[in-house]
Structure formats: structure tokens, C-alpha cells
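What follows is a set of notes on a single structure, which appears directly below.
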Amino acid sequence: MPDPRILAHVDTLRLAVKQPFNFRYTLWKPSHFATGLEQHSADTSWRTFRVGELLTGVVMAMEDADTLRAEVYADGAWQEADRDRLTARLTHSYGLDEDISAFVAQAEQVPPMREPLAALAGMRQSCPENLFEIAIISLLLQNATVARTTQMMTNLLDHYGRVVEFDGVTLKAFFTPEEIVGVDEATFRERDRLGYRAKYIGRFAEFFATHDPDVADHADKAELMREFQTIKGVGPYTAAIIASHAVRDPSALGLDVWNRKLLAKRFLGVDDAEADVVMAEMTRLFPGYEGLAGLYVIEDAYRAQAVVELIE
DNA sequence: CTCCAGGGGGGCG
DNA sequence: CGCCCCCATGGA
């Protein structure tokens, strides 16, 4: 692990949020595994972002009910364009300007959803990762336990990522596509323990080296998703993770062994069921919001026992 | 020892 | 298309 790069305070952003907005459960998801890229307390979140060539660290908290304040730290000259780019990234990552009231009205009519809705009121999808970063994470989630996913993620970040220090915290920062395009398959396999995923990760890097991953608010999301699925290693599950997280499609729901059982229990009253049966029930209950509905159930289940707890 | 995990590719009929 | 097999590996 290299010495941390010290970041200097360069900006303060004040971002309007659309009500209902739940700061805590939007920025911190109890189900998310440890990456070292972020840290959360009861009322504050710290997170790193790659903004163009810059390494940035952001400290976020609510200034008042309708305003999220972000203190920005960076490792170089901070231009107006960087401010705009980070503002767009934060707004998109956390869906700050989205109106989820239609989903709430719909979900309130479904009895098994009332408790998650009450506990997580105002929570929305979150994806501080850009398209490239979430693609890497979803690749590591394939057919692996969370412990093994965490191990692979740790290897990649420690070998190709960065370490930064800002506001008294030390966090890891993601690598860019360009920073891993030169790494060969054998290295990913043997040094980073990626297994068969070593065959695919290079394709991801090549794709995003030529398709700017910061352009998450793509002009044509359907076209982006179609193009994305031509990458070897991206199947229905991985594509749904991208659609649901980075593209913020509230209907996209990636069913895996883990959430399939959780949703089967909640909505069908059985320990497990075929994926298409679970999906059909989600569509019957939450047309257009299958993914967001699933998120409420999943995060509620992990609320009492978070994978990564809040710090003091 | 076996089994399986927050899947996906490729071959075959 | 559906079905089958293979992929890799650490933890239970």
C-alpha cells in the first residue's frame, strides 16, 4: 500500500434535493460490501471519486432539509469544468433530483412493503461508481461469495488503485480503465485471484477506455445497454446491475441467489422460487419499479445487521 | 471430503 | 431457443 496522496480543500457544493429524501440510506447501503472507497457516520459520508484526471475526496452532509452540502478535496488545480463534472456526478450518483413519489404511492398499497417503506422513507438507488467501476464490481459479484468478492476487490484496488487522505480520513480510490488496460490476463488470474473473470476484465477496460464512463447520463440509455451487453462477461445479471445502478432504471432488477430468496420470502411466503416466478410477482406488484422495490426489501433486511456498520 | 456462492460463455441438438 | 457442461476458488 503506497503512502496516501494528501488532498487539499478546493470547493464547497450546495446541492438541492427532491423530497422525500433520505440522506442516510441513500448514501449508505447496509447491504453493500466493504471496498475502502467510502466511510459513513450517522450524519456524514466520505467518498472518493475520479473526476477526469483528478483524484477527489468528498465529505457530504445535509445543510438543511433540502440541501446537501459537499466539501470537495482534490490533488490538483480545480477548474470550473471539474466543479460542473463533480456536481453532475453527485446528482446522478444519488438521484438527488429524482421524484420517487409515484413509487411510494404504489408501494404503500402492498402490505409487505409497508415496513421497509417506513424504515427507509425517501431512500433512492445509489451508485457513486461510474459505469466502468460498477461494471467491475458486478463482474466480481458473479458466482462468488461476498467474502471472495471482497478479496478480489481488495486485490484490484491495492494493486491498481490509489490511496488518498482528506478531512482526517484515509480512503482508497478507484483505478481508471487506462490504468489497467496494459495488465495481462495471467496477472489478473494469478496475482489478483480473479479466476475465470481474468478473461473478461480486460474487455471491460478496453470498452470504457473508448466509451467515457463519466457519461452515465447517456443520450440513449437503451443503446448504451445494448452496446454494453456485447462485452464478453456481461450477461443478464451484470447488465441489470448496470441498468439499475448506473443508469438508474427503477424497473431493472438483477436476480441472484441472494436476493431471489429474500424476495421469494417477502412476497411469495416461500424460502425460494424460480427466478422467473419471483420476477413475475415483482412486476405484478410494482410495475415499472421492480428494482427500486427490491432495493427497499434488501436494504431493510440488512438494516439491523449491516455488512459495513456506520462509524462513530 | 463435498458443496456452492449476489453468473456467463460456448457447444449442441 | 433450451439444455448441458465448464469455468475458479475459498469457506462452510
Side-chain angles (χ1 to χ4, degrees), chain A residues 28-35 37 116 125-129 133-159 183-207 225-247 249 251-268 270-280 282 290-308:
Chain A
W28 170 66
K29 292 293 192 288
S31 78
H32 286 190
F33 66 90
T35 60
L37 296 166
Q125 293 155 291
S126 60
C127 187
E129 292 80 17
E133 295 163 356
I134 196 66
I136 295 292
I137 288 174
S138 58
L139 175 66
L140 302 187
L141 286 169
Q142 290 177 7
N143 201 28
T145 58
V146 169
R148 182 150 158 62
T149 297
T150 303
Q151 174 205 48
M152 293 186 282
M153 186 72 190
T154 298
N155 288 341
L156 291 178
L157 289 176
D158 288 352
H159 296 156
V183 181
D184 61 54
E185 180 183 330
T187 303
F188 283 129
R189 187 179 300 274
E190 291 151 26
R191 182 181 189 221
D192 304 310
R193 316 304 299 167
L194 296 195
Y196 72 90
R197 301 166 194 80
K199 279 200 298 282
Y200 305 131
I201 189 170
R203 314 277 187 97
F204 284 40
E206 287 166 17
F207 181 86
M225 291 311 298
R226 193 199 62 71
E227 208 174 344
F228 189 70
Q229 287 182 71
T230 64
I231 309 174
K232 295 296 181 192
V234 178
Y237 172 75
T238 305
I241 298 282
I242 311 296
S244 152
H245 290 68
V247 181
D249 176 357
S251 72
L253 174 59
L255 280 184
D256 47 48
V257 179
W258 169 65
N259 57 31
R260 188 187 69 216
K261 290 178 179 174
L262 215 50
L263 297 175
K265 190 71 180 174
R266 171 77 58 163
F267 297 114
L268 296 168
V270 296
D271 288 337
D272 200 358
E274 294 295 322
D276 56 354
V277 173
V278 174
M279 192 60 86
M282 293 300 286
E290 295 88 338
L292 188 53
L295 188 65
Y296 270 77
V297 172
I298 291 159
E299 298 307 331
D300 186 53
Y302 275 82
R303 202 160 47 81
Q305 191 64 59
V307 176
V308 181

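The sequence lines fix the lettering, A, B, ..., with proteins before strands; numbering per chain opens at 1.
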Within the sub-3.5 Å range, which N or O atoms of nucleotides 1-3 of chain C have a protein N or O partner, and how far apart are they?
none

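- Counting only N and O atoms by type, the side chains of A/Glu299 and A/Ser31 include a donor and acceptor under 3.5 Å apart.
- Heavy-atom contacts from other residues, nucleotides or ligands closer than 6.0 Å to CG of A/Asp271 number 12 or fewer.
- A/Tyr237 meets the ring-ring contact (aromatic ring centres under 6.0 Å, His included) test with no other residue; sequence neighbours excluded.
- With pairs defined as Watson-Crick or G-U wobble and both atom distances under 3.5 Å, the stems of at least three pairs that touch DNA chain B come out as B:2-5 with C:9-12, B:7-13 with C:1-7.
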Please report, to 0.1 Å, the donor-acceptor pairs under 3.5 Å made by any side chain of residues 134-148 of chain A, with sequence neighbours excluded.
unit_1	atom_1	unit_2	atom_2	d
A/Ser138	OG	A/Ile134	O	3.1
A/Ser138	OG	A/Ala135	O	2.9
A/Gln142	OE1	A/Tyr196	OH	3.1
A/Gln142	NE2	A/Gly233	O	2.9
A/Gln142	NE2	A/Thr238	OG1	3.0
A/Thr145	OG1	A/Arg148	N	3.2
A/Arg148	NH1	A/Gln151	OE1	3.0
A/Arg148	NH1	A/Arg193	O	3.3
A/Arg148	NH2	A/Arg193	O	3.2

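- No engagement by A/Phe33 is indicated, since no non-hydrogen atom pair under 4.0 Å with the nucleic acid exists.
- The footprint of chain A on DNA chain B, defined by a heavy-atom cutoff below 4.0 Å, extends from B/dA5 to B/dG10.
- For A/Tyr200 and A/Leu141, each mapped to the nucleotide of DNA chain B holding its nearest heavy atom, the one lying further toward the 5' end belongs to A/Leu141.
- The gap from the P atom of B/dG6 to that of C/dC6 amounts to 23 Å, rounded to the nearest Å.
- Under the ring-ring contact (aromatic ring centres under 6.0 Å, His included) criterion, A/Phe33 pairs with no residue, sequence neighbours left out.
- With sequence neighbours left out, the ring-ring contact (aromatic ring centres under 6.0 Å, His included) criterion links A/Phe204 to no other residue.
- Distance check: A/Phe228 CZ to A/Met225 CE gives 6.5 Å after rounding to the nearest 0.5 Å.
- The closest donor-acceptor contact from the side chain of A/Asp192 to the backbone of A/Leu194 lies at 3.5 Å or more, if one exists at all.
- The main-chain N or O of A/Arg303 is never found under 3.5 Å from a side-chain atom of A/Asp300 such that the two would form a donor-acceptor pair.
- Within the 4.0 angstrom heavy-atom criterion, base atoms lie near A/Val146.
- By the side-chain hydrogen bond (donor to acceptor under 3.5 Å, both in side chains) test, A/Asp276 is found to be paired with no residue, residues two or more places apart in sequence or in another chain being considered.
- Within the model, atoms CD of A/Glu274 and CZ of A/Arg260 stand 7.0 Å from one another, a figure rounded to the nearest 0.5 Å.
- In this structure the side chain of A/Lys265 never reaches within 4.5 angstrom of the side chain of A/Val297, judged on heavy atoms.
- Under the side-chain hydrogen bond (donor to acceptor under 3.5 Å, both in side chains) criterion, A/Thr150 pairs with no residue, sequence neighbours left out.
- Remark: nothing in residues 229-241 of chain A comes within less than 4.0 Å of DNA chain C through any heavy atom.
- With both ends at atom P, the span from B/dC3 to C/dC5 equals 15 Å, rounded to whole Å.
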Provide a list of protein-nucleic acid N or O atom pairs under 3.5 angstrom, restricted to nucleotides 6-12 of chain C.
unit_1	atom_1	unit_2	atom_2	d
C/dA8	OP1	A/Arg189	NH1	3.3
C/dA8	N1	A/Asn143	ND2	3.1

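- Between A/Ile242 and A/Val234, the closest side-chain pair of non-hydrogen atoms is not below 4.5 Å.
- For A/Asn155, there are no side-chain hydrogen bond (donor to acceptor under 3.5 Å, both in side chains) partners at least two apart in sequence or on another chain.
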